[in-house]
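Scroll down for the structure; my scribbles are underneath it.
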Amino acid sequence: MSEPSSTEAVQVHATATTPAISRRSDLVQLAVAALAAHGLAPDFSAAALAELATIAGPAQEAGPNIRDLRALPWCSIDDDDSQDIDQLSCCEPSGSGWTVSVAIADVDALVHKGSAIDLQAQRNTTSVYTAARVFPMLPERLSTDLSSLGAHQDRLAIVTAMVVDAEGQVSGFSICRAQVRNQAKLAYNSLAAWLDGNGEMPAAVRAAPGMDAQLRLQDAAAQALRQRRTAQGALQFETFEPRAQVEGDQVVAISQREHNRARQLIEEFMVATNICTAQFLERHGGLAMRRVVRSPERWSRVVEVAKKYGDSLPAEPDSKALEAFLERRRQADPLRFPDLSLTIVQLMGAGEYVIEDAQPGVPVDRSKTVAIEDYGHFGLAIRDYAHSTAPNRRYPDLISHRLVKAVLAGQSAPYSVAELQALAEHCNHQESAATKVERSLRKSEAALFLQDKIGAEFDAIVTGRNNRGTWIRTLVPPVEGKLEGAGAQVEVGEKLRVKLLSADVAQGFIDFAPLP
């Protein structure tokens, strides 16, 4: 990969004196229109806002079934600008391994089933993230304050304590309701730099006695979990995830989100917690909304992709073989690996929510449930999985918490089978809609950033060709676009120098031309 010239470096980073050709507010309008077009509500209903006004403060509950775990060394790890903190974690040695505890915000303690705020959250089923504006599933006073596990705040949570051995095997777990207190609010990038020895200890770590040793324990446990999952065939992708940085009314930069060691830590703990949630509900014979990624129906296409790289895969879906192939390609060609990752992800198909068929004899629509042998998350190489770790921003997680709390209280499930079937179908539809909105806005954000750089030159790589044209990805900034006038002389994977021809913010179209 050639390095950008100093001239290019000036061209691709906006400055305070760069005239604004379009504005952040234009992106907000585009986002609002896109949400409405896809059946998502950009604003909260009057009923939801009126109900919000009646909530005096954080949930206050006590009793023998709610443990006081506030003294544990809890910390949160999230993006730098995140305020909707869903999870905390802590760890202690246990034999040759660890006991990993994960606390998830008890949103249900404030957002009750059937309430106006709940019905509003049920409409979108997810928060929608764009650079210009976040459209939260719950009102911000809840998601970023009253139900968020913010620093040095006492909050109610659902706590999963997992016994993890040195080989990364979870040998047992327990789930309870508890009071918790976040001792340190941390960010992925600065924490990862410190863990890797490339940065200073974050100030929040220094301010909490013993937190440095605590984080080393958490990191060790997470890496053990990760190594075991990888050995079992969990797929490790590096997808193209550009993020626009907005200051004032301008998009001032586009950068690729890096998957670092701190992100791995949280990913492993969240995966383990979601597995335990699914197993907990199954063991107690209750209903559950499972997250499923089925064995790829287009596996033959995956085999064909591997063959193009001179590699071979088994005739039947095999996650271990696929992960081994992906790792070989990651090592051989890291520059093109995000594009290969995207291809495989698309061939695997999207994840979906389905209802666990755990109540024999109960009349159900079998087309909307799954039997035990059909469970599974192919990408994670596991059978049991139920989203439960982001209830402030994802509705299925709130459903899972209500089901878990009913079991803990010895009560019947708060949902009927028919209700859950309808909700699973609705969540699938709305998740797809939200993904389309976020994808279209990323294109418009990139176009806005590039709009005043017509004629600028960039290093790029060809990522695809079809009957609609040839597609490229520039390296700095990381932006996707169409290559015009290339003819048949360029091949997928080829590196080339391109010139920006046009950038249409409204449509999200970015066109380049190849340079000799």
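One-based numbering along the sequence shown. Everything quoted here is computed from the prediction, not taken from an experiment.
Counting heavy atoms of neighbouring residues, nucleotides and ligands inside a 6.0 Å radius, atom CZ of Arg216 exceeds 12 of them. For Lys185, the NZ atom sits in a packed shell: over 12 heavy atoms of surrounding residues, nucleotides or ligands are nearer than 6.0 Å. For Glu241, the CD atom sits in a packed shell: over 12 heavy atoms of surrounding residues, nucleotides or ligands are nearer than 6.0 Å.
Using a 4.5 Å heavy-atom cutoff, the side chains of Asp26 and Leu448 are not in contact. Contact annotation: the side chain of Cys75 approaches that of Leu186 to within less than 4.5 Å [non-hydrogen atoms, C-beta and beyond]. Between His259 and Gln236 there is no side-chain heavy-atom pair separated by less than 4.5 Å. Side-chain contact between Leu342 and Thr463: absent, with no pair of heavy atoms (C-beta onward) separated by less than 4.5 Å. Counting heavy atoms from C-beta on, the side chains of Leu340 and Arg336 never come closer than 4.5 Å. Side-chain contact between Leu483 and Val490 is present, with heavy atoms from C-beta onward closer than 4.5 Å. Residues Val100 and Ser89 fail the side-chain proximity criterion, which asks for heavy atoms closer than 4.5 Å. In this structure, the side chains of Leu500 and Ile510 come closer than 4.5 Å at one or more pairs of heavy atoms.
For the salt bridge (Lys or Arg N to Asp or Glu O under 4.0 Å) test, residues two or more places apart in sequence or in another chain that qualify with Arg328 are Asp311. Under the salt bridge (Lys or Arg N to Asp or Glu O under 4.0 Å) criterion, Glu268 pairs with Arg226, Arg229, not counting sequence neighbours. Residues meeting the ring-ring contact (aromatic ring centres under 6.0 Å, His included) test with His401, sequence neighbours left out: none. Taking Asp504 as the reference, nothing meets the salt bridge (Lys or Arg N to Asp or Glu O under 4.0 Å) condition, with sequence neighbours excluded. The salt bridge (Lys or Arg N to Asp or Glu O under 4.0 Å) check on Asp511 picks up nothing, with sequence neighbours excluded.
Shown here for Met162 and Ala272, the closest heavy-atom pair between the two residues is SD-CB, 3.6 Å. Taking each heavy atom of Asn260 and Ala192 in turn, the nearest pair found is CG-CB, 3.4 Å. The two residues Pro477 and Thr474 come nearest to each other via the heavy atoms O-OG1, 2.5 Å. When all heavy atoms of Gly168 and Arg228 are compared, the closest pair comes out as O-CD, 3.2 Å. The shortest heavy-atom contact between Ser147 and Asn392 is OG-OD1, 2.7 Å. Residues Ala184 and Ala204 approach most closely at CB-O, 3.8 Å, considering heavy atoms.
The backbone N or O of Asp318 sits nowhere less than 3.5 Å from a side-chain atom of Trp299 that would complete a donor-acceptor pair. Judged by distance alone, with hydrogens and angles left aside, the side-chain atoms of Asn428 form a donor-acceptor pair with the main-chain N or O of Ala424 at under 3.5 Å. Thr125 places no side-chain N or O within donor-acceptor distance of the main-chain N or O of Gln122, the cut-off being under 3.5 Å. At least one donor-acceptor pair closer than 3.5 Å links the side chain of Arg24 to the backbone N or O of Gly248. A donor-acceptor pair under 3.5 Å links the side-chain atoms of Ser127 to the main chain of Met137, judged by distance alone. A donor-acceptor pair under 3.5 Å links the side-chain atoms of Asn274 to the main chain of Met270, judged by distance alone. At distances below 3.5 Å, at least one donor-acceptor pair connects side-chain atoms of Ser444 with backbone N or O atoms of Val505. A distance-only check finds a donor-acceptor pair linking the side chain of His38 to the backbone of Ala34 [under 3.5 Å].
Across Leu265, Asp80, Asp79, a single residue satisfies side-chain contact (heavy atoms from CB on, under 4.5 Å) together with Tyr188, and that is Asp79.
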Determine, stepwise, if the pair Leu313 / Lys307 fulfils side chain to side chain contact (heavy atoms under 4.5 Å, CB included). CA-CA 8 Å; Leu313 291 173; Lys307 188 176 295 184; over 6 Å; no
Run the side chain to side chain contact (heavy atoms under 4.5 Å, CB included) check on Phe44 and Ile117 step by step: do they pass? CA-CA 8 Å; Phe44 293 100; Ile117 295 174; over 6 Å; no
Leu450 vs Phe458, side chain to side chain contact (heavy atoms under 4.5 Å, CB included): CA-CA, chis, key distance, verdict: CA-CA 11 Å; Leu450 293 175; Phe458 306 92; 4.1 Å; yes
Is there a side chain to side chain contact (heavy atoms under 4.5 Å, CB included) between Arg497 and Asp459 once you walk through the steps? CA-CA 5 Å; Arg497 190 81 172 165; Asp459 289 320; 3.0 Å; yes
Test log, rule salt bridge (Lys or Arg N to Asp or Glu O under 4.0 Å), inputs Asp212 and Arg206: CA-CA 7 Å; Asp212 53 346; Arg206 289 198 304 270; over 6 Å; no
Could you walk me through whether Arg330 and Glu327 satisfy the salt bridge (Lys or Arg N to Asp or Glu O under 4.0 Å) test, starting with their C-alpha distance in whole Å, then the side-chain angles of each, then the deciding distance to 0.1 Å, before giving a yes or no? CA-CA 5 Å; Arg330 187 200 315 271; Glu327 183 57 30; 2.9 Å; yes
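For the residue pair Glu438 and Tyr129, no side-chain donor N or O sits within less than 3.5 Å of a side-chain acceptor on the partner. For the residue pair Gln264/Gln223, the side-chain donor-acceptor check at 3.5 Å is satisfied. With 3.5 Å as the limit, one finds no donor-acceptor pair spanning the side chains of Ser148 and Asp84. In this model, a donor atom of one side chain and an acceptor atom of the other lie less than 3.5 Å apart for Gln218 and Gln214. For the residue pair Gln87/Thr389, the side-chain donor-acceptor check at 3.5 Å is not satisfied.
To the nearest 0.5 Å, atoms CD (Glu352) and CD (Glu425) are separated by 10.5 Å. Note that OG1 of Thr230 and CG of Leu225 are 10.5 Å apart. Values are rounded to the nearest 0.5 Å. Note that CZ of Arg394 is 8.0 Å distant from OG of Ser388, once rounded to the nearest 0.5 Å. For the atom pair Leu88 CG and Asn182 CG, the distance stands at 4.5 Å (nearest 0.5 Å). Between the CD atom in Glu200 and the CH2 atom in Trp194 there is a gap of 12.5 Å [rounded to 0.5 Å]. Going from atom CZ of Phe135 over to atom CG of Asn124 covers 10.0 Å, rounded to the nearest 0.5 Å.
Between Asp43 and Arg133, at least one side-chain nitrogen of the basic residue sits less than 4.0 Å from a carboxylate oxygen of the acidic one, meeting the salt-bridge criterion.
The salt bridge (charged side-chain N to carboxylate O under 4.0 Å, His left out) contacts involving residues 468-494 comprise Asp339-Arg473, where partners must be two or more places apart or lie in separate chains.
Relative to the six-membered ring of Tyr353, Arg291 meets both conditions, a distance below 6.0 Å and an angle of at most 45° to the axis.
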